[in-house]
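Read the structure below first, then the notes.
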Amino acid sequence: MTATLLIRSAGPGVSVQDTGRPNMAHIGLSRGGAADPLALHEAAALLGLRAPAAAIEMAGMGGTFEVDVPMRIALTGAPMRARIDQRDIRWNASHLLEPGQRLTVGAAEVGTYGYLTPAGGIATTPLLGSRSTHLTAGLGALLKDGDRLPLGADPAPETPAMGLIPEARFTGGTVRFIEGPQTGLFAPETLARFEETTFTRSATANRQGVRLETEAPPFAAEVTSGLSSDFILEGDLQMTGDGQPYVLLAECQTIGGYPRIGTVIGPDLARVAQAPLGAQLRFQRIGIDEADRLAATHAARLKTLRRSAKPLVRDPASIPDLLAYTLISGVTAGRELEE
């Protein structure tokens with residue numbers, strides 16, 4: 001019998017995502033996949049998986065979900081209020097979801113993208129090597145009320161619930177970037193002013209990119225006419241015609257003609273993607289050697305992330321049948337400490 005995840009209700013931006021389709025820019029397809037890949041690695045650590053599994057990405061709002069076999073689930077990414085039936089449950093943790101129970105995930109309390117990862121992973125048919133929905137490429141579609149998704153088998157359903165403390169990335173902050181092939185089109189004083197400016201995350205944002213706003217003068221390149229279209233990548237900092245920056249994200253186009261002041265490093269991209277509306281972001285330019293060191297450190301952390309997961313300690317006040325547990329065993333006269 002194939003396990004199934006039933007979508008009782010879904011928010012407006014709920015989709016299946018995994019780590020995407022890398023190395024396909026030559027056919028005009030950006031990586032896609034989770035806007036915050038770190039959240040998938042955190043889920044794998046909580047569930048004891050060897051690699052990230054395909055998950056449900058929830059943009060701003062979750063939904064209501066059921067399973068038809070016992071299945072552990074992990075909740076990671078932007079914290080959202082969650083409960084199983086009427087019991088509130090912890091975010092950044094794994095939990096056992098039983099048939100007949102209903103998991104409800106509400107709106108994001110901070111950040112943008114939350115993730116629901118079943119221990120067996122979403123087992124839809126891969127397209128071009130991935131199960132990710134890539135809306136701009138027409139691969140897959142947003143999930144809707146009543147959808148049913150096949151699941152793989154939970155490899156260890158008896159494993160106790162686990163929790164971890166996530167890497168901070170949900171409120172904006174400083175984002176590091178490196179120079180790119182078009183950085184030289186911007187005057188040194190423009191580059192300096194760019195690093196000194198505090199930007200606000202605009203309402204104009206989706207999985208393709210995030211617009212950043214400021215009352216500072218535009219950050220225009222010195223040469224813009226005659227620029228030919230060029231390959232662009234996730235993380236590129238494009239300056240559009242009004243001189244305001246966009247940070248390109250997972251579903252960005254692969255060719256563009258706007259000048260790019262630089263490229264956000266991979267370890268900091270989730271900070272941009274997760275920045276909620278109105279969050280403040282600043283940019284810090286670093287060299288290639290420093291970027292390589294940070295990338296290596298980030299990769300090493302992903303490999304050891306599983307060690308960060310610890311068994312959850314339940315609050316006795318949240319246990320409805322507390323008196324059914326044997327809290328003290330044995331017989332005592334009560335005078336042992338005096339003797």
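- The hydrophobic cluster containing Leu103 also contains Leu151, counting ILVMFWY residues as joined when their side-chain heavy atoms lie under 4.5 angstrom apart, directly or transitively.
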I would like to know whether Leu237 and Thr263 meet side chain to side chain contact (heavy atoms under 4.5 Å, CB included); could you show each step before the answer? CA-CA 6 Å; Leu237 275 158; Thr263 301; over 6 Å; no

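- Hydrophobic cluster membership is shared by Leu97 and Ile89, with clusters built from Ile, Leu, Val, Met, Phe, Trp and Tyr side chains linked at under 4.5 angstrom.
- Trp91 places a side-chain N or O within donor-acceptor distance of the main-chain N or O of Thr76, the cut-off being under 3.5 Å.
- Across every non-hydrogen atom of Gly129 and Pro126, the tightest pair is C-CB, 4.3 Å.
- Side-chain contact annotation: Ser94 with Arg72, donor-acceptor N/O pair under 3.5 Å absent.
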Step by step, work out the side chain to side chain donor-acceptor pair (under 3.5 Å) result for Arg282 and Thr174. CA-CA 5 Å; Arg282 289 178 64 97; Thr174 298; 5.5 Å; no

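- Remark: Arg193 qualifies as a cation-pi partner of Phe219 under the 6.0 Å distance and 45° angle criteria applied to the six-membered ring.
- With values rounded to the nearest 0.5 angstrom, Met58 atom CE is found 6.5 Å from Leu75 atom CG.
- Leu233 and Val247 fall into different hydrophobic clusters, where Ile, Leu, Val, Met, Phe, Trp and Tyr residues are linked whenever their side-chain heavy atoms come under 4.5 Å apart, directly or through other members.
- No more than 12 heavy atoms of other residues, nucleotides or ligands lie within 6.0 Å of CD1 in Ile165, so this atom counts as exposed by the packing criterion.
- A heavy-atom distance below 4.5 Å is not found between the side chains of Thr198 and Phe283.
- For the atom pair Arg293 CZ and Ile286 CD1, the distance stands at 8.5 Å (nearest 0.5 Å).
- A continuous path of hydrophobic side-chain contacts links Ile73 to Leu149 [ILVMFWY only; heavy atoms under 4.5 Å].
- With hydrophobic clusters built from ILVMFWY side chains whose heavy atoms lie under 4.5 angstrom apart, Val67 shares a cluster with Val16.
- The pair Glu66-Arg8 meets the salt-bridge criterion, with a side-chain N (NZ, NE, NH1 or NH2) lying under 4.0 Å from an Asp/Glu carboxylate O.
- Using modelled atom types, no side-chain atom of Arg21 and backbone atom of Arg31 make a donor-acceptor pair closer than 3.5 Å.
- Separation of atoms CZ (Arg301) and OG1 (Thr297) is listed at 11.0 Å; rounding is to 0.5 Å.
- When side chains are defined from C-beta on, Leu128 counts as touching Leu29, because their heavy atoms get closer than 4.5 Å.
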Pair Leu5, Arg148 - check side chain to side chain contact (heavy atoms under 4.5 Å, CB included), show working. CA-CA 6 Å; Leu5 178 70; Arg148 294 177 180 269; over 6 Å; no

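- A salt bridge links Asp268 with Arg176: the closest approach of a Lys/Arg side-chain nitrogen to an acidic carboxylate oxygen falls below 4.0 angstrom.
- Arg271 has no carboxylate O lying under 4.0 Å from a charged side-chain N of Asp36, or vice versa, which leaves the two without a salt bridge.
- Without hydrogens or angle criteria, Thr214 side chain to Ala216 main chain gives a donor-acceptor distance under 3.5 Å.
- Minimum interatomic distance between Val175 and Leu281 (heavy atoms only, all atoms of both residues): CG2-CD2, 3.8 Å.
- The two residues Val14 and Gly62 come nearest to each other via the heavy atoms CG2-O, 3.7 Å.
- A donor-acceptor pair under 3.5 Å links the side-chain atoms of Ser9 to the main chain of Thr64, judged by distance alone.
- Note that CG of Asp145 and CD1 of Ile7 are 9.0 Å apart. Values are rounded to the nearest 0.5 Å.
- Between the CD atom of Gln182 and the CD atom of Gln238 there is a distance of 8.5 Å, given to the nearest 0.5 Å.
- Summarising the geometry of Ala34 relative to Ala250, their closest heavy-atom pair is O-CB, 4.4 Å, with the distance given to 0.1 Å.
- Not one N or O on the side chain of Asn92 forms a donor-acceptor pair closer than 3.5 Å with the backbone of Pro166.
- At distances below 3.5 Å, not a single donor-acceptor pair connects side-chain atoms of Asp68 with backbone N or O atoms of Pro99.
- One finds the CG atom of Leu185 at 10.0 Å from the CG atom of Leu191 (value rounded to the nearest 0.5 Å).
- For the residue pair His134 / Ser30, a side-chain donor-acceptor distance below 3.5 Å is found, with atom types taken as modelled.
- No donor-acceptor pair closer than 3.5 Å links the side chain of Gln17 to the backbone N or O of Ile56.
- A 4.5 Å side-chain heavy-atom check between Met162 and Pro311 finds at least one atom pair inside the cut-off.
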Checking side chain to side chain contact (heavy atoms under 4.5 Å, CB included) for the pair Leu6/Phe65: CA distance, chi angles, key distance, verdict? CA-CA 6 Å; Leu6 170 61; Phe65 310 90; over 6 Å; no

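- Side chains of Phe186 and Pro259 form a contact here, defined as non-hydrogen atoms less than 4.5 Å apart.
- For an aromatic pair to be called close, the ring centres must be under 6.0 Å apart, and Phe177 with Phe194 satisfies this.
- Nearest heavy atoms, Gly32 versus Arg207: C-NH2, 4.0 Å.
- Put simply, the side chain of Leu96 does not reach to within 4.5 Å of the side chain of Ile84, judged on heavy atoms.
- Checked by atom type and distance alone, the side chain of Asp292 never pairs as donor or acceptor with a backbone atom of Asp289 at under 3.5 Å.
- Around atom CG of Asp242, more than 12 heavy atoms belonging to other residues, nucleotides or ligands sit under 6.0 Å away.
- Remark: the Glu57 side chain and the Tyr115 side chain contain an N/O donor-acceptor pair separated by less than 3.5 Å.
- When every heavy atom of Thr171 is checked against every heavy atom of Ala279, the shortest pair comes out as O-CB, 3.9 Å.
- Remark: side-chain polar atoms of Gln208 are not paired, donor with acceptor, to backbone N or O of Leu249 under 3.5 angstrom.
- Salt-bridge annotation for Asp236 and Arg260: present, with a side-chain N of the basic residue lying under 4.0 Å from a carboxylate O of the acidic one.
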Before giving the answer on side chain to side chain contact (heavy atoms under 4.5 Å, CB included), spell out for Thr112 and Arg201 the whole-Å C-alpha distance, their side-chain angles and the decisive distance to 0.1 Å. CA-CA 12 Å; Thr112 300; Arg201 189 270 208 186; 3.9 Å; yes

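- The main-chain N or O of Leu47 is never found under 3.5 Å from a side-chain atom of Arg306 such that the two would form a donor-acceptor pair.
- Screening Asp18, Thr124, Thr19 for a side-chain hydrogen bond (donor to acceptor under 3.5 Å, both in side chains) with Ser132, the sole residue that qualifies is Asp18.
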